Asks: 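Sending over a structure as structure tokens; questions will come in a sec.
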2 protein chains.
Amino acid sequence: MTEPRFSARRRDDARAGDKRERILRAAVKVFARKGFYASRVSEIAKAAGVADGTIYLYFKSKDELLTSLFEDRITRLLEVLRREIDAVPSGPGRVRRVVELQLGLLEGERDLAEVITVNLRQSTRLLKQYATKRFTEYLDLMALVIADAQHAGELRADVSPRIVARAIFGALDGIALTWALGNAEPGGLTRAGTQLADVLLQGLLPRPTAA
Amino acid sequence: MTEPRFSARRRDDARAGDKRERILRAAVKVFARKGFYASRVSEIAKAAGVADGTIYLYFKSKDELLTSLFEDRITRLLEVLRREIDAVPSGPGRVRRVVELQLGLLEGERDLAEVITVNLRQSTRLLKQYATKRFTEYLDLMALVIADAQHAGELRADVSPRIVARAIFGALDGIALTWALGNAEPGGLTRAGTQLADVLLQGLLPRPTAA
DNA sequence: GCGCGCTGAATCGCGGTTCAGTCACAACGC
DNA sequence: GCGTTGTGACTGAACCGCGATTCAGCGCGC
């Protein structure tokens with residue numbers, strides 16, 4: 001229903017035609033620079049190299065454009081995360097992998113980092129209605145990783161997996177936010193990820209011997 | 001310049017007259033419920049019990065209303081934090097105090113929690129221009145607490161104080177966010193604060209003996 | 001020709017902002 | 001005391017610009 005029928009193969013036009021994706025990419029760029037509300041649909045159209053009206057052939061509204069953007073990108077992220085988690089056996093290893101992976105991914109996509117950290121919260125509707133779906137899915141995944149490791153005795157069990165999951169999400173978000181808003185020095189996110197993982201893992205170890 | 005001259009003492013009207021504060025309080029409530037952009041100035045006026053135009057006697061624009069809100073509330077927070085930090089001698093004690101204090105404060109003001117966590121990011125202008133002032137001040141304060149403790153040998157020195165500060169901010173923000181958006185169970189924030197502090201402190205301890 | 005993807009100028013509603021009045025009160029002269 | 005007038009905080013209906021959305025065409029490929 002959102003997708004254009006079929007075809008759409010312009011033989012004279014080199015760019016692959018996937019206009020929907022072109023629009024999404026343009027939206028990321030524009031939203032990142034100006035924020036959702038300050039961004040004009042016409043700007044996104046221009047950035048994508050399409051007419052204003054074309055956007056409405058692929059998305060119901062400006063709002064739905066933002067929603068789709070998250071739906072799409074977060075779905076991708078969840079896929080990657082699930083795959084990686086499965087590939088790592090140890091609990092602590094998983095935590096480290098997940099933390100480093102997420103910041104590593106954003107390192108290469110500053111615009112996306114900004115959209116996720118900043119714009120996720122722009123549309124209250126988006127946050128309160130939509131986000132409580134995918135976002136919860138994300139938090140649940142993180143909490144599960146923690147809980148599993150706790151049951152295996154690899155991580156201390158005296159803290160709530162859900163709280164830890166939220167804290168990890170928040171820490172990642174906060175680091176990405178300040179990075180995206182600041183000078184975004186190269187390698188900054190990756191380095192931060194390693195350090196965050198270091199602190200988290202030591203903090204989550206089963207209580208050593210003495211409290 | 002923003003304040004009305006003087007007088008303004010209505011003897012027949014019980015409410016203390018501080019209209020500016022009344023408007024700010026109303027704004028917190030409305031922004032929290034609907035988000036900055038979805039909130040109508042007329043709604044804030046109604047909630048504050050003043051006319052639409054009155055708001056413009058105290059604030060230049062809707063934008064400036066939001067800005068003033070942060071300026072005001074964050075200034076208060078910084079004051080409280082500084083005082084508390086000075087009152088606690090040990091580094092780890094300070095970290096715990098700061099973490100627990102912030103979540104404790106928000107526990108009593110759900111609306112404010114929501115405004116800070118959600119709306120702080122609504123106005124990109126606010127974030128990029130204004131926030132880089134007070135917000136930086138906040139991060140610097142946190143980083144200083146960490147750095148001091150590191151120099152005193154109370155916390156591990158192999159992580160960047162700034163990264164830790166950002167991570168702590170993010171973790172607090174993330175926890176407050178999910179709390180404010182969720183069921184906001186009573187005591188939830190306080191409990192989360194304790195656990196977060198537990199994990200952080202263990203994680204930040206000087207490396208035990210074996211890495 | 002025809003269908004379809006696309007275009008982009010025009011529309012239309014919304015809501016931030018303005019500003020001409022209103023009103024309560026204080027100051028003043030008597 | 002008491003009318004008169006000045007002051008300025010406050011009001012709220014109307015204005016006006018903006019920008020999301022629409023839709024009457026357009027032209028390319030078949």
Side-chain angles (χ1 to χ4, degrees), chain A residues 1-23 26-27 30-31 33-69 119 122-126, chain B residues 1-24 26-27 30-31 33-69 122-126:
Chain A
M1 192 177 283
T2 337
E3 290 285 329
R5 297 296 168 271
F6 280 93
S7 66
R9 272 146 310 147
R10 337 179 102 287
R11 35 50 295 161
D12 60 339
D13 199 340
R15 49 226 166 112
D18 199 338
K19 245 165 217 186
R20 191 187 141 89
E21 181 60 25
R22 276 239 307 287
I23 294 171
V30 176
F31 286 160
R33 193 168 348 279
K34 324 193 39 167
F36 178 70
Y37 284 98
S39 297
R40 308 291 144 229
V41 171
S42 58
E43 291 178 87
I44 297 169
K46 179 144 52 141
V50 303
D52 297 12
T54 304
I55 290 185
Y56 291 88
L57 297 178
Y58 293 88
F59 305 94
K60 254 204 302 291
S61 64
K62 186 186 173 188
D63 242 57
E64 209 231 28
L65 174 54
L66 182 61
T67 302
S68 299
L69 191 54
N119 289 272
Q122 299 240 332
S123 170
T124 304
R125 194 178 335 161
L126 198 155
Chain B
M1 193 176 283
T2 337
E3 289 286 326
R5 296 293 168 275
F6 279 91
S7 65
R9 272 146 310 147
R10 336 180 105 288
R11 55 2 343 138
D12 62 339
D13 199 338
R15 48 223 167 114
D18 200 338
K19 239 158 225 191
R20 191 186 141 88
E21 181 60 26
R22 274 240 305 287
I23 294 170
L24 283 178
V30 177
F31 286 160
R33 191 166 351 276
K34 323 192 43 166
F36 179 70
Y37 284 97
S39 297
R40 308 291 144 228
V41 170
S42 57
E43 291 178 87
I44 297 169
K46 180 146 50 145
V50 302
D52 296 12
T54 304
I55 290 183
Y56 290 88
L57 298 178
Y58 294 88
F59 305 93
K60 256 204 298 294
S61 64
K62 186 185 174 189
D63 242 57
E64 209 231 29
L65 175 55
L66 181 61
T67 303
S68 300
L69 191 56
Q122 298 240 330
S123 170
T124 304
R125 193 179 335 161
L126 198 155

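No hydrogens, no waters, no symmetry mates; every other heavy atom, side chains included, goes into these values. Below, chain A is the first sequence line, B the second, and so on; all start at residue 1. Being a predicted model, the structure only gives us computed values, none of them experimental.
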Asks: Any idea which of C:dT7, D:dC10, D:dT11 is nearest the B:Tyr58 side chain?
Replies: D:dC10
Asks: Side chain of B:Asp52, heavy atoms from C-beta onward: which of D:dT11, C:dC6, C:dT17 has the nearest atom to it?
Replies: C:dT17
Asks: Under a 4.5 Å cut-off applied to non-hydrogen side-chain atoms, are B:Phe31 and B:Ile44 in contact?
Replies: yes
Asks: Expressed as a whole number of angstroms, how long is the span from A:Arg20:CZ to C:dC6:P?
Replies: 13 Å
Asks: In terms of side-chain heavy atoms of A:Leu57, which of C:dC6, C:dT17, D:dT11 is nearest?
Replies: C:dC6
Asks: Between P on D:dT22 and CD1 on A:Ile55, what's the gap in Å once rounded to a whole number?
Replies: 13 Å
Asks: Walk me through it: do A:Phe59 and A:Leu69 pass the test side chain to side chain contact (heavy atoms under 4.5 Å, CB included)?
Replies: CA-CA 10 Å; A:Phe59 305 94; A:Leu69 191 54; over 6 Å; no
Asks: Using a cut-off of strictly less than 4.0 Å, decide whether A:Lys19 has a side-chain nitrogen or oxygen near OP1 or OP2 of C:dC6.
Replies: yes
Asks: May I have the distance from A:Phe59 (atom CZ) to D:dA20 (atom P), rounded to whole angstrom?
Replies: 15 Å
Asks: At what distance, to the nearest 0.5 angstrom, does CD1 of B:Ile55 lie from CZ of B:Arg22?
Replies: 11.0 Å
Asks: Find out whether A:Phe36 and A:Asp63 are in side-chain contact, i.e. whether some heavy atom of one side chain is under 4.5 Å from a heavy atom of the other.
Replies: yes
Asks: Would you kindly give the CZ-to-C1' distance between B:Arg22 and D:dA9, to the nearest whole Å?
Replies: 13 Å
Asks: Please list, pair by pair, any protein nitrogen or oxygen found under 3.5 Å from a nitrogen or oxygen in nucleotides 15-19 of chain D.
Replies:
residue: D:dG19; atom: OP1; partner: A:Arg40; partner atom: NE; Å: 3.1
residue: D:dG19; atom: OP1; partner: A:Arg40; partner atom: NH2; Å: 3.3
residue: D:dG19; atom: O5'; partner: A:Arg40; partner atom: NE; Å: 3.1

Asks: Check whether any side-chain heavy atom of A:Tyr56 lies under 4.5 Å from a side-chain heavy atom of A:Val41, and answer yes or no.
Replies: yes
Asks: For the pair made of CD1 in A:Ile23 and P in C:dT7, what is the distance, rounded to whole Å?
Replies: 9 Å
Asks: Has B:Thr54 got a side-chain N or O lying under 4.0 Å from the OP1 or OP2 atom of D:dT11?
Replies: yes
Asks: Hey, is the main chain of B:Arg40 close enough, under 3.5 Å, to the side chain of B:Lys34 for a donor-acceptor pair?
Replies: no
Asks: Look only at the side chain of A:Lys19 and the backbone of A:Ala48, and say whether a donor-acceptor pair between them is shorter than 3.5 Å.
Replies: no
Asks: Between A:Tyr56 and D:dC23, is there a contact of a side-chain N or O with OP1 or OP2 at under 4.0 Å?
Replies: no
